[in-house]
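Below you'll find the structure, written out as structure tokens, and then a few comments.
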Number of protein chains: 2
Amino acid sequence: MASNAVMEETLQVLKDHKLRVTPQRHIILAYLVSHHNHPTVETIRDALGKELPNIGSSTIYNTLNTFVDHHLVVELQNGDGSTHYDYFGSPHYHAICTNCGRIVDVTYPGFSDTEKRLEEKTAEISGYMISGNHMEVYGLCPECQIKLGIKND
Amino acid sequence: MASNAVMEETLQVLKDHKLRVTPQRHIILAYLVSHHNHPTVETIRDALGKELPNIGSSTIYNTLNTFVDHHLVVELQNGDGSTHYDYFGSPHYHAICTNCGRIVDVTYPGFSDTEKRLEEKTAEISGYMISGNHMEVYGLCPECQIKLGIKND
DNA sequence: TACTAAATGAGAACCATTCCAAAGTAATGC
DNA sequence: GCATTACTTTGGAATGGTTCTCATTTAGTA
């Protein structure tokens, strides 16, 4: 169960986005805010078994799609066939393991400048009216480097 | 039909990657090299109707997956539910229209430095052994800006 | 030319996601 | 507080892109 602080924060987020506050939305958003495990729909369903025992998959999909539309959440593919979701409270990007699918959040000072420049350049060159971006970096996670007997020194 | 130059080039690419040269692979790769229309499997099947009338979808999927594994081709999602493919001969990234799904290739001088820095920073922070990246920028394409009556001045 | 491992093709199977209709519920105004 | 109404949730069916299976064909090699 998410903390009171998280419950208050997420309640406010829903209201700010003029989203009708249902228990399902509130609890799912709180889960995403307090877990950065990049869950799938199934992961969320399992994790919320106690709080929302009767929730349908459709509801989770609907809810997540709504959050994505509102740019609260981003979708990620790691090659395992299902979509992963990540609360996008602060700017970051993802490193995805090409062997095991592990996703980690990454950011560094100066990243937002990089992002900004990429968007500006894109607007300039393509004429698109930019609304966002996704960056992903692929490679082997430390664990898989060991597992596969690869050294990186 | 792709030009002789393209056919020679793609033949060499297949050999360089130690891929068995089948007519299907050769023709599909030549199509991708000479068309930057970000086709789906269906688009490819339709386009190659004359040259490969009996090709199965499985073969196209197999072939494209092989090319992706060899980093010759990248996969793209534009929200229409199917995967799009793009020959990745020279470094670039994609701008994707959130309204109509149109995908355009973008690059600019200095982009490869940006890319390189992102990968280096990621390796440093995450410990991943980096093998590649994908960047995408989202927004409204010029046509959709007009269609939706939005001005950007 | 014969051999072997790999690729192809047709269709079945898979399964994540969306769709649908009925029932339930949050927000609004009185 | 209560009725109204539009939006949300459910759960099951339907969808459809992608993978799987396996018999057949074929590319590369000796």
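Labels below follow one simple rule: chain letters A, B, ... track the order of the sequence lines, proteins then strands, and each chain is numbered from 1. What's counted below: heavy atoms across the whole structure, side chains too, no hydrogens, waters or symmetry copies. In this text the structure is predicted, and so the values were computed from the model without any measurement.
Axis angle across the helix from dT1(C)-dA30(D) to dC30(C)-dG1(D), with five pairs used at each end and values rounded to 10°: 50°.
With rounding to whole Å, Leu14(A) atom CG is found 18 Å from dT25(C) atom P. Rounded to whole Å, atom C1' of dT26(D) lies 16 Å from atom CG of Asn54(B). Straight-line distance from the CZ atom of Phe67(A) to the C1' atom of dT8(D): 12 Å, rounded to whole Å. Leu52(B) has its CG atom 16 Å from the P atom of dA7(C), to the nearest Å. Distance Arg45(A) CZ to dC15(C) C1': 14 Å, rounded to the nearest Å.
Interface residues of residues 16-28 of chain B facing DNA chain D, ordered by number: Arg20(B), Val21(B), Pro23(B); criterion, heavy-atom separation under 4.0 Å. Taking a 4.0 Å limit (strictly below) on heavy-atom distances, residues 55-65 of chain A reaches DNA chain D at Ile55(A), Gly56(A), Ser58(A), Thr59(A), Asn62(A).
Scored by the ring pair (Phe, Tyr, Trp, His ring centres under 6.0 Å) test, His84(A) finds no partners at all (sequence neighbours excluded).
Ring planes of Tyr93(B) and Phe111(B): tilted class, angle from 30 to 60°.
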Would you be so kind as to tabulate the donor-acceptor pairs closer than 3.5 Å made by side chains of residues 60-74 of chain A, with sequence neighbours excluded?
{"residue": "Asn62(A)", "atom": "ND2", "partner": "Ser58(A)", "partner atom": "O", "Å": "3.3"}
{"residue": "Thr63(A)", "atom": "OG1", "partner": "Thr59(A)", "partner atom": "O", "Å": "2.6"}
{"residue": "Asn65(A)", "atom": "ND2", "partner": "Tyr61(A)", "partner atom": "O", "Å": "3.3"}
{"residue": "Thr66(A)", "atom": "OG1", "partner": "Asn62(A)", "partner atom": "O", "Å": "2.8"}

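Tyr87(A) is not connected to Val106(A) by any chain of hydrophobic side-chain contacts under 4.5 Å among Ile, Leu, Val, Met, Phe, Trp and Tyr, and they are in different clusters.
Residues Tyr31(A) and Pro39(A) share a closest heavy-atom pair of CE2-CG, 3.9 Å.
His38(A) pairs in a side chain to side chain donor-acceptor pair (under 3.5 Å) with only one of the listed residues (Thr43(A), Thr83(A), Asn78(A), Asp105(A)), which is Asp105(A).
Residue Thr40(A) is classed as having no contact, given no heavy-atom separation below 4.0 Å to the nucleic acid.
Remark: side-chain polar atoms of His94(B) are not paired, donor with acceptor, to backbone N or O of Met135(B) under 3.5 angstrom. Counting only distance, with no hydrogens or angles, the side chain of His92(B) and the backbone of Ser90(B) share a donor-acceptor pair below 3.5 Å. For the pair Gln145(A) (side chain) and Gly127(B) (backbone), a donor-acceptor distance under 3.5 Å is present. Between the side chain of Arg25(B) and the main chain of Arg20(B), a donor-acceptor pair closer than 3.5 Å is present.
Listed by first and then second residue, the salt bridge (Lys or Arg N to Asp or Glu O under 4.0 Å) pairs involving residues 74-91 of chain B amount to none (not counting sequence neighbours).
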